[in-house]
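The structure under discussion appears below in the form of structure tokens.
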Protein chains: 2
Amino acid sequence: MKKKEAILKVATVLFANKGFADTSGQELARLTGTAEGTIFYHFKSKEGLLLAILERVRDEILDQFERFFENRPFQSGLEMTEEVVSFYLYLAGLMEDKFLLLHRHALYKFSESNPEFRENLEAIYNCLVDIFEKAIVTGQADGSIHPDIHPRKSALILFTMVDGLVRFKNYNLYDAGALFNELMQTCRRMLQADT
Amino acid sequence: MKKKEAILKVATVLFANKGFADTSGQELARLTGTAEGTIFYHFKSKEGLLLAILERVRDEILDQFERFFENRPFQSGLEMTEEVVSFYLYLAGLMEDKFLLLHRHALYKFSESNPEFRENLEAIYNCLVDIFEKAIVTGQADGSIHPDIHPRKSALILFTMVDGLVRFKNYNLYDAGALFNELMQTCRRMLQADT
DNA sequence: CGGGAAACTGAGTGATTACTCAGTTTTTTA
DNA sequence: TAAAAAACTGAGTAATCACTCAGTTTCCCG
């Protein structure tokens, strides 16, 4: 069981940073100190290995958000939204490789032929969007968020924004950290009720 | 010259939709009706072909925005911003393959070793962000955009949002078209001066 | 211990890859 | 129209790929 763990760990980093097609079984074996055959003993194929990684990432992200919400009192729906955005960015830093992997095209390519990929991706994305939506609905109930806002659609916009920022950061296109305050301000302006 | 054009055209579609590593010279030759040797007669390598495509995409995008601004009167900076967002989304639909290609990891991987890739990517991104920034500055001058907004940073946030939506659309994750109105409303709320 | 199961090995396989090159066809030019 | 230049060809090459399999080691349980 030790080697299986090593393969999953190393493959996550390589698939995320080098890409699925550009990572060979040979390289994977070398870096994990295993024989190439071991990879195919534990996983039926390279695609199967990627799927196993995706399942882990889904579990981890869903688990992290579950723990985030445990016994956390929010002053208002607007504050809840802001804290979720903040936590998402924190998580993307903590699990950088895994979020990078989620932006890889290989996942979406396999999704077209293998429903298991799509199910896992949908579970992750829906979890995130659902949380944003719930926060907006809460905010509309307590008056901190403007009633004209469409909860689902705005949740998607919010997600687009945050996820896009993570992408920029991971690609080193712009200094995403410097945009944090601006992002929070944008969320507030976008959502808040008239004062 | 006819075959070179065909190779560039077909490779753009394949690299964008199948990926760089997953597109072979053999397939490219078959679909363009050329011999595989022809590809390497016109481009020194597969990487060189990708670079040639990227240069075309840059030229095309920069050209499109130049033409967009020709003799176009904007009522205000805020309106200008909204129209730029709108045009960006229109362009992403018109040049779907090319925008899909811009989200491919191969480009960013080559950017690390080949400065020509990075220069072209930066030219594209800076063009887009600069336009957003200029629109915000204009809006702050004419009073349609809130003075507290940081032009550059907000331009980046705006770009993040729009580009993220394009990504969702291209990946068929969510119906981006349905989010258009919400996006425009978000831009307005995010930027507009107090009323 | 003993023995069966699970984990692991690494040489081997056929397919595919990017790229080359010597030669042919087409186009341009004088 | 002849010669030079440019465009094009496709068989060939060495390397790499994902994956297999027959055999070995390690582990667990009675």
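Since we're looking at a predicted model, the values are computed, not measured. All chains are named by letter (A, B, ...) in the order of the sequence lines, taking the proteins before the strands, and each is independently numbered beginning at 1.
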Find the distance [X]:[atom1] to [N]:[atom2] and express it as a whole number of Å.
{"X": "A:Ile39", "N": "D:dC17", "atom1": "CD1", "atom2": "C1'", "result": "12 Å"}
{"X": "A:Tyr41", "N": "D:dA22", "atom1": "OH", "atom2": "P", "result": "16 Å"}
{"X": "B:Ile7", "N": "D:dA7", "atom1": "CD1", "atom2": "P", "result": "12 Å"}
{"X": "A:Glu47", "N": "D:dC17", "atom1": "CD", "atom2": "P", "result": "19 Å"}
{"X": "A:Phe43", "N": "C:dC8", "atom1": "CZ", "atom2": "P", "result": "11 Å"}
{"X": "B:Glu5", "N": "D:dC8", "atom1": "CD", "atom2": "P", "result": "11 Å"}
{"X": "B:Lys3", "N": "D:dC8", "atom1": "NZ", "atom2": "P", "result": "6 Å"}
{"X": "A:Lys2", "N": "C:dT9", "atom1": "NZ", "atom2": "P", "result": "13 Å"}

Sequence neighbours excluded, every pair satisfying ring-ring contact (aromatic ring centres under 6.0 Å, His included) that has a member inside residues 123-152 of chain A: A:Tyr125-A:Phe159
Taking side-chain contact (heavy atoms from CB on, under 4.5 Å) as the definition, give me every residue that meets it alongside A:Asn170, ordered by chain and number, with sequence neighbours left out. A:Glu96, A:Phe99, A:Leu100, A:Val166
List in chain and number order the residues that pass side-chain contact (heavy atoms from CB on, under 4.5 Å) with B:Lys98, two or more places apart in sequence or in another chain; answer none if no residue qualifies. B:Thr12, B:Val57, B:Glu60, B:Met95
Across all chains, not counting sequence neighbours, the salt bridge (charged side-chain N to carboxylate O under 4.0 Å, His left out) partners of A:Glu36 are none
Is the distance between the ring centroids of A:His105 and B:Tyr171 under 6.0 Å? yes
In short, B:Val137 meets B:Pro151 closest at the heavy-atom pair CG2-CB, 3.8 Å
Heavy-atom pair of closest approach, residues B:Leu107 and B:Leu102: CD1-CA, 3.8 Å
Between B:Gly37 and A:Ser45, which has a closest nucleotide on DNA chain D that is more 5'? B:Gly37
Would you check if the side chain of A:Thr38 reaches a backbone N or O of A:Thr34 as a donor-acceptor pair within less than 3.5 Å? no
Close approaches to DNA chain D from residues 14-28 of chain B, in residue order (heavy atom, under 4.0 Å): none
Under 3.5 Å, is there a donor-acceptor pair between the A:Ser144 and A:Gln192 side chains? no
Identify which nucleotide among [options] has an atom closest to any side-chain atom of [X], counting heavy atoms from C-beta outward.
{"X": "A:Ala35", "options": "C:dC8, D:dT9, C:dG10", "answer": "C:dG10"}
{"X": "A:Phe40", "options": "C:dA18, D:dC19, D:dT9", "answer": "D:dC19"}
{"X": "A:His42", "options": "D:dC19, C:dA7, D:dC8", "answer": "C:dA7"}
{"X": "B:Glu36", "options": "C:dA18, C:dC8, D:dC19", "answer": "C:dA18"}

What is the bend of the helix from C:dC1-D:dG30 to C:dA30-D:dT1 when you compare the axis at one end with the axis at the other, using five pairs each and rounding to 10°? 20°
Does A:Thr38 have a side-chain nitrogen or oxygen under 4.0 Å from the phosphate oxygens OP1 or OP2 of C:dT9? yes
